[in-house]
Amino acid sequence: EANSAAKTRLIAALQQGRLIGMTGAGLSTWAGYPVWNDALRRLADLVAEITGDDQRGEEIIAQNTDMLFCAQKLGQIIGDVEFSNFLLREFGPTGKQSPNVLRQFASLPLRHIVTLNFDLSCEDAHTAIQVRFQSRSSASDEHFVDFFRQMDVPEFPKTIFHLHGQFNDPLAKIALTEV
């Protein structure tokens, strides 16, 4: 009975077009992007390849439970250029067709979508089904402020907002820690 009532409220809220979706890695994995555990393993392998030290990356992963912090530490070891290239390989465009589950998500009548993902799979799905949107990243202070000031303004376009940044943002502007 409680589930039926919640379902009715959810449908009504969707029909009003005022809900904001929130996504994370669970959505991007459908498009072939890695979860952080897998990406960190590959990053640790890259640290070993570049430094010749097979244990250094593994030790950092073992000592830290915050995966984004681990990524930052490992990225510092290999340097900005290699780390940027790694993020591009892991989270950049794949050239693959947007999977059905992402297209279904894009078809929901959500006002905006806030994502923790670095990749653009959500944008690809919206493009695939021809839903208009704009993409913004927290890496731009202007975009950050603009989104939160105008998100309830009816004329403000549907926005996919990358709260941690995008794979191609400057490293200093993406969120790799909670600090």
Side-chain angles (χ1 to χ4, degrees), residues 1-42 64-72 87-88 90-169 173-179:
E1 191 174 302
N3 283 343
S4 290
K7 178 181 172 185
T8 301
R9 287 192 309 273
L10 177 60
I11 290 170
L14 281 168
Q15 289 170 340
Q16 292 172 2
R18 294 190 37 86
L19 291 182
I20 296 175
M22 179 81 182
T23 71
L27 191 66
S28 292
T29 57
W30 287 96
Y33 291 98
V35 294
W36 269 108
N37 285 338
D38 296 337
L40 283 177
R41 291 280 158 226
R42 285 193 286 280
N64 297 283
T65 58
D66 182 327
M67 289 186 259
L68 294 178
F69 182 72
C70 284
Q72 181 186 44
L87 291 174
L88 173 63
E90 293 294 314
F91 302 108
T94 63
K96 297 177 183 174
Q97 181 180 356
S98 185
N100 188 48
V101 69
L102 269 84
R103 292 192 311 271
Q104 290 295 320
F105 179 77
S107 70
L108 291 172
L110 296 170
R111 177 75 181 101
H112 303 292
I113 297 169
V114 176
T115 182
L116 302 174
N117 298 332
F118 294 127
D119 65 79
L120 304 178
S121 60
C122 199
E123 286 87 342
D124 293 343
H126 279 72
T127 299
I129 64 168
Q130 300 178 352
V131 171
R132 294 181 55 166
F133 69 95
Q134 64 178 359
S135 181
R136 296 289 185 254
S137 169
S138 64
S140 164
D141 293 342
E142 181 183 331
H143 289 168
F144 187 86
V145 170
D146 189 49
F147 175 70
F148 285 102
R149 279 192 179 152
Q150 297 195 65
M151 61 193 284
D152 285 330
V153 175
E155 297 80 27
F156 191 69
K158 180 177 187 175
T159 302
I160 300 170
F161 189 80
H162 291 263
L163 197 56
H164 285 172
Q166 295 176 348
F167 72 92
N168 55 354
D169 287 333
K173 293 287 196 167
I174 60 175
L176 286 173
T177 67
E178 295 175 1
V179 181

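All values derive from a computational prediction rather than experimental measurement.
Heavy-atom minimum distance, I20 versus L110: C-CD2, 4.5 Å. Of all the heavy atoms in A125 and L102, the pair that sits closest is CB-O, 3.4 Å. Between V35 and A25, the closest heavy-atom pair is CG1-CB, 4.3 Å. Taking each heavy atom of L68 and H164 in turn, the nearest pair found is CD1-CE1, 3.7 Å. The nearest pair of heavy atoms linking Y33 to S121 is CE1-CB, 3.9 Å.
Inter-residue side-chain proximity for I174 and L87 is flagged as met; some heavy-atom pair is nearer than 4.5 Å. Residues F156 and Q134 are in side-chain contact: their nearest non-hydrogen atoms beyond the backbone lie under 4.5 Å apart. By the 4.5 Å heavy-atom criterion applied to side chains, D38 and R41 are not counted as neighbours. The closest side-chain heavy-atom distance from I113 to H126 is below 4.5 Å. Taking the side chain as every heavy atom from C-beta outward, L27 and F105 approach each other to under 4.5 Å. The side-chain heavy atoms of M151 and T159, taken from C-beta on, include no pair separated by under 4.5 Å.
Distance check, rounded to the nearest 0.5 Å: SG of C70 to CH2 of W36 gives 10.0 Å. One distance of note links CG of N168 with CG of L120; it measures 6.5 Å at 0.5 Å rounding. Residue S28 holds its OG atom at 10.0 Å from CG of D124, rounded to the nearest 0.5 Å. Here I160 contributes atom CD1 and T115 contributes atom OG1; the two are 8.5 Å apart, rounded to the nearest 0.5 Å. Note that the CZ atom of R103 and the CD atom of Q130 stand 12.0 Å from one another [nearest 0.5 Å].
Scanning for side-chain hydrogen bond (donor to acceptor under 3.5 Å, both in side chains) contacts around E123 gives S135, H162, with sequence neighbours left out.
Partner of K7 under the side chain to side chain contact (heavy atoms under 4.5 Å, CB included) criterion, out of I11, N3, L10: I11 alone. Under the ring-ring contact (aromatic ring centres under 6.0 Å, His included) rule, H112 has a single partner from F161, F148, F147, F133, which is F147.
Of the possible polar contacts, none joining the N64 side chain to the D66 backbone as a donor-acceptor pair under 3.5 Å is found. The backbone N or O of G24 lies less than 3.5 Å from a partner atom in the side chain of N117, making a donor-acceptor pair. Between the side chain of S140 and the backbone N or O of S137 there is no donor-acceptor pair closer than 3.5 Å.
Within 6.0 Å of CZ in R42 there are more than 12 heavy atoms belonging to other residues, nucleotides or ligands. No more than 12 heavy atoms of other residues, nucleotides or ligands lie within 6.0 Å of CD in Q97, so this atom counts as exposed by the packing criterion.
Among residue pairs with one or both ends in residues 141-156, those qualifying as salt bridge (charged side-chain N to carboxylate O under 4.0 Å, His left out) are D141-K173; sequence neighbours excluded.
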Practice problem: Before giving the answer on ring pair (Phe, Tyr, Trp, His ring centres under 6.0 Å), spell out for F91 and F167 the whole-Å C-alpha distance, their side-chain angles and the decisive distance to 0.1 Å. | Solution: CA-CA 6 Å; F91 302 108; F167 72 92; 8.2 Å; no
